[in-house]
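Numbering starts at 1 and runs along the sequence shown.
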Amino acid sequence: MTRVFSGVKPTGHLTLGNYLGAVRRWATVDQHRGDALFCVVDLHALTVEHDPARVRRLSRQAASLLLAAGLDPELCTVFVQSHVDEHARLSYLLECVATDGEMRRMIQYKEKAAREQGRGGSVRLSLLTYPVLMAADILAYGTDEVPVGDDQTQHVELARDLAVRFNQRYGHTFVVPRATRPGVAARVMNLQEPTLKMGKSDDVGPGIVYLLDEPDVVRKKVMRAVTDSGREVVYDREARPGVANLLEILAACTGGDPEELSGAYASYGALKKDTAEAVVEVLRPVQERHAELCADPGHVEGVLREGARRARAMARPTVDAAYRAIGLLPAVPEAEAEAEGKTEAAVNAVR
Ligand code: AMP
Ligand code: TRP
C-alpha cells in the first residue's frame, strides 16, 4: 500500500494557497489512495521568531481546518508533530548524514535568512537545519509519496538524497520518497504581488485569502487583485502574472483549464467577479464544518491523541532500525533490564 505523508506549518492562518496547492488534494485524493498521514508540523514553526501562545492556537486551528477540509480520521492519521518524539530523534541522525553546504543551498533558507537579517533580526540555527527535520518527518514513516505545492520540491529532493545516502552507507533502512504536485494551483500567487507566492506568514496581507475569511472579505481581496497593464484576458504566466493567477485560481475552483477559461472573458472585471464567487463557494463548506468543530473541541483533541498513538507506532520501528544501522548501541529493552536486575539481586543475595 502506498504510504503518503504531508504536513502544514502553524506559522499563520491557512491560506487559499495551502488549500488549492495541498490540503484539498489530501482530502479528495491522497487519503483514499493509500495509507496516509497528515501532520501539523509545529516544530517547524519555531524556526523563525514566534509567540508561544500563537503557535499553540494556530496548531489547534490548523488541525481543525484539516478535518474541516475533509480529512477523515477513519481513513487517515491526523496528528501533531511534537506529539511524536521520533521526528526529532531521527532528525539528529540525518544531520549526521547531511552536509553544511547542502543546507546553505536551500532556496527557502536563503530567502528567509535574508529576510530575517533585513529586519535586523538574527537567524535561528533551526532555520538552516529545518529541511533535515522535514526529511525526518518523511523518512520516519517509510513514505512513498509526498503531496506538496511547488515550493517544497527542493526539500523533498533533499529527503530523497539523504535516504539514498543513508541506505548506501549504513544498509537499506529508508524508502526513497517522491514529491507529487497538483496539476493546477501548484503555486497560488499573492493577489497584490503576483510574482510572490501566497504565503501565510507574508507581509502583503491584502493579497492573501485566508481559509477563514468571510465571503465579503474574499470578494474585496479578489476584486482588488493587481492585474496587468493589458486589457484582454490572456493566459501568460510570464507576461501577465496577475491575470494568470486569477485564471489558475478560477480553474482550480471550478475544475476548468486556465487557458480555455481565458477565452470566456472579455474583461478583467468579469474574471475577478467569477473568481471571487468561485473562491467563496469553495471555502463555504470548509468554513461551515470548521464552525461545527470549534463547538466541539474535545473531538479534535481526541482525533489528535489517537493520531499520535498511531503515528508513534508506525515511526518507531524505522527510527530504531536507523539508530542501530548508524552504529548506536541498542538500549536494553525494559523487560530484559528488569530480568537482569533481578538476576543481579539474586546473585548478590547468594553472596
Ligand atoms: P506551508 O504553508 O509552508 O506549511 O505549506 C503547506 C502546504 O501548502 C505545502 O505543501 C505547500 O507546498 C503548500 N502551499 C503553501 N503555499 C502555497 C501556495 N501559495 N500555492 C500552492 N501551494 C502552497
Ligand atoms: N516544509 C513544509 C512547508 O513549509 C511543511 C512540512 C514539514 C512538510 N514537514 C513536511 C511537508 C513533510 C511535507 C512532508 O510547507
>> Please check: side-chain N/O of Thr173 versus main-chain N/O of Gly171, any donor-acceptor pairing under 3.5 Å?
In response: yes
> So, Asp85 and Arg316, do they make that salt bridge, N to O below 4.0 Å?
Replying inline: no
>> Would the distance check show the side chain of Glu102 and the main-chain N or O of Thr99 forming a donor-acceptor pair, the cut-off being under 3.5 Å?
In response: yes
> What's the spacing between Met198 CE and Gln192 CD if we round to 0.5 Å?
Replying inline: 10.0 Å
> Does the ring of Tyr268 carry Arg231 above it, NZ/CZ under 6.0 angstrom from centre and within 45° of its axis?
Replying inline: no
>> Main chain of Ile107, side chain of Gln154: is a donor-acceptor contact present, judged purely on distance under 3.5 Å?
In response: yes
> Where the side chain of Asp213 meets the backbone of Tyr210, is there a donor-acceptor pair that is under 3.5 Å apart?
Replying inline: yes
>> Looking at Met189, is its backbone amide N or carbonyl O close enough to the side chain of Asn245 to form a donor-acceptor pair, meaning the two atoms are under 3.5 Å apart?
In response: yes
>> Measuring from atom CG of Leu191 to atom OG1 of Thr275, what distance do you get when rounded to the nearest 0.5 angstrom?
In response: 9.5 Å
>> Could you check whether any side-chain N or O of Ser6 sits under 3.5 Å from a backbone N or O of Pro147, counting only pairs where one atom can act as donor and the other as acceptor?
In response: yes
> Considering residues at least two apart in sequence or located in another chain, which fulfil the ring-ring contact (aromatic ring centres under 6.0 Å, His included) criterion with Phe166?
Replying inline: Tyr170, Phe174
>> Under a 4.0 Å threshold between the charged nitrogen and the carboxylate oxygen, would Glu145 count as salt-bridged to Arg33?
In response: yes
> Taking all non-hydrogen atoms of both residues, which atom of Gln31 and which atom of Phe38 are closest, and how far apart?
Replying inline: CB-CE1, 4.2 Å
> Using the ring of each side chain (for Trp, its six-membered ring), is His87 parallel, tilted or perpendicular to Tyr141, with breaks at 30° and 60°?
Replying inline: tilted
> Gly70 and Arg289: which non-hydrogen atoms are nearest, and at how many Å?
Replying inline: N-NH2, 4.1 Å
> Nearest heavy-atom pair of Val41 and Pro10: which atoms, and what distance?
Replying inline: O-CD, 3.4 Å
> For Arg169, does the CZ atom sit with more than 12 other heavy atoms under 6.0 Å from it, leaving out its own atoms?
Replying inline: yes
>> My understanding is that a hydrophobic cluster links ILVMFWY residues whose side chain heavy atoms are under 4.5 Å apart, including indirect links. Using that, what else belongs to the cluster containing Val164?
In response: Val176
> What's the verdict on side chain to side chain contact (heavy atoms under 4.5 Å, CB included) for Leu250 and Leu271, showing C-alpha distance, side-chain angles and the deciding distance?
Replying inline: CA-CA 8 Å; Leu250 178 62; Leu271 170 64; 3.9 Å; yes
>> Working to the nearest 0.5 angstrom, can you tell me the gap between Asp257 CG and Glu260 CD?
In response: 4.5 Å
>> Rounded to the nearest 0.5 Å, what separates atom NE2 in His32 from atom CG in Asp72?
In response: 7.5 Å
> Which atom names give the shortest non-hydrogen contact between Phe5 and Cys39, and what distance separates them?
Replying inline: CZ-CB, 3.7 Å
> Distance only, no hydrogens: is a donor on one side chain within 3.5 Å (strictly under) of an acceptor on the other, for Asp137 and His44?
Replying inline: yes
>> I'd like to know if Leu37 and Val300 are part of one continuous hydrophobic network [Ile/Leu/Val/Met/Phe/Trp/Tyr, side-chain heavy atoms within less than 4.5 Å].
In response: no
> What distance do Asp42 atom CG and His50 atom NE2 have between them, rounded to the nearest 0.5 Å?
Replying inline: 10.0 Å
> Just by distance, do the side chain of Arg284 and the backbone of Val279 share a donor-acceptor pair under 3.5 Å?
Replying inline: no
>> Tell me whether Arg178 contacts the main-chain N or O of Val146 through its side chain, where contact means a donor paired with an acceptor under 3.5 Å.
In response: no
> Can Glu277 and Asp274 be said to form a side chain to side chain contact (heavy atoms under 4.5 Å, CB included), step by step?
Replying inline: CA-CA 5 Å; Glu277 290 315 314; Asp274 281 6; 5.8 Å; no
>> Please find the pair of heavy atoms, one from Ala266 and one from Val233, that lie closest to each other, and give the distance.
In response: C-CG2, 4.5 Å
> Would you call Arg187 and Asp151 a salt bridge, using N to O less than 4.0 angstrom?
Replying inline: no
> What heavy-atom pair brings Ala136 and Leu90 nearest, and what distance separates the two atoms?
Replying inline: O-CD2, 3.7 Å
>> I'd like to know if the side chain of Lys221 and the backbone of Ile208 have a donor-acceptor N/O pair within less than 3.5 Å.
In response: yes
> Is a side-chain donor-acceptor pair under 3.5 Å present for Thr47 with Arg124?
Replying inline: no
> Does atom CD of Glu306 have more than 12 heavy-atom neighbours from other groups under 6.0 Å away?
Replying inline: yes
> Is the shortest distance from a Lys or Arg side-chain nitrogen in Asp100 or Arg104 to a carboxylate oxygen in the other one below 4.0 Å?
Replying inline: yes
> Val175 pairs by side-chain contact (heavy atoms from CB on, under 4.5 Å) with which of Ile138, Leu139, Asp144?
Replying inline: Asp144
> Just by distance, do the side chain of Lys112 and the backbone of Leu127 share a donor-acceptor pair under 3.5 Å?
Replying inline: no
> Once you round to the nearest 0.5 Å, how far does CE of Met106 lie from OH of Tyr130?
Replying inline: 11.0 Å
>> Looking only at the side chains, is there a donor atom on one of His155 and Gln152 sitting less than 3.5 Å from an acceptor on the other?
In response: yes
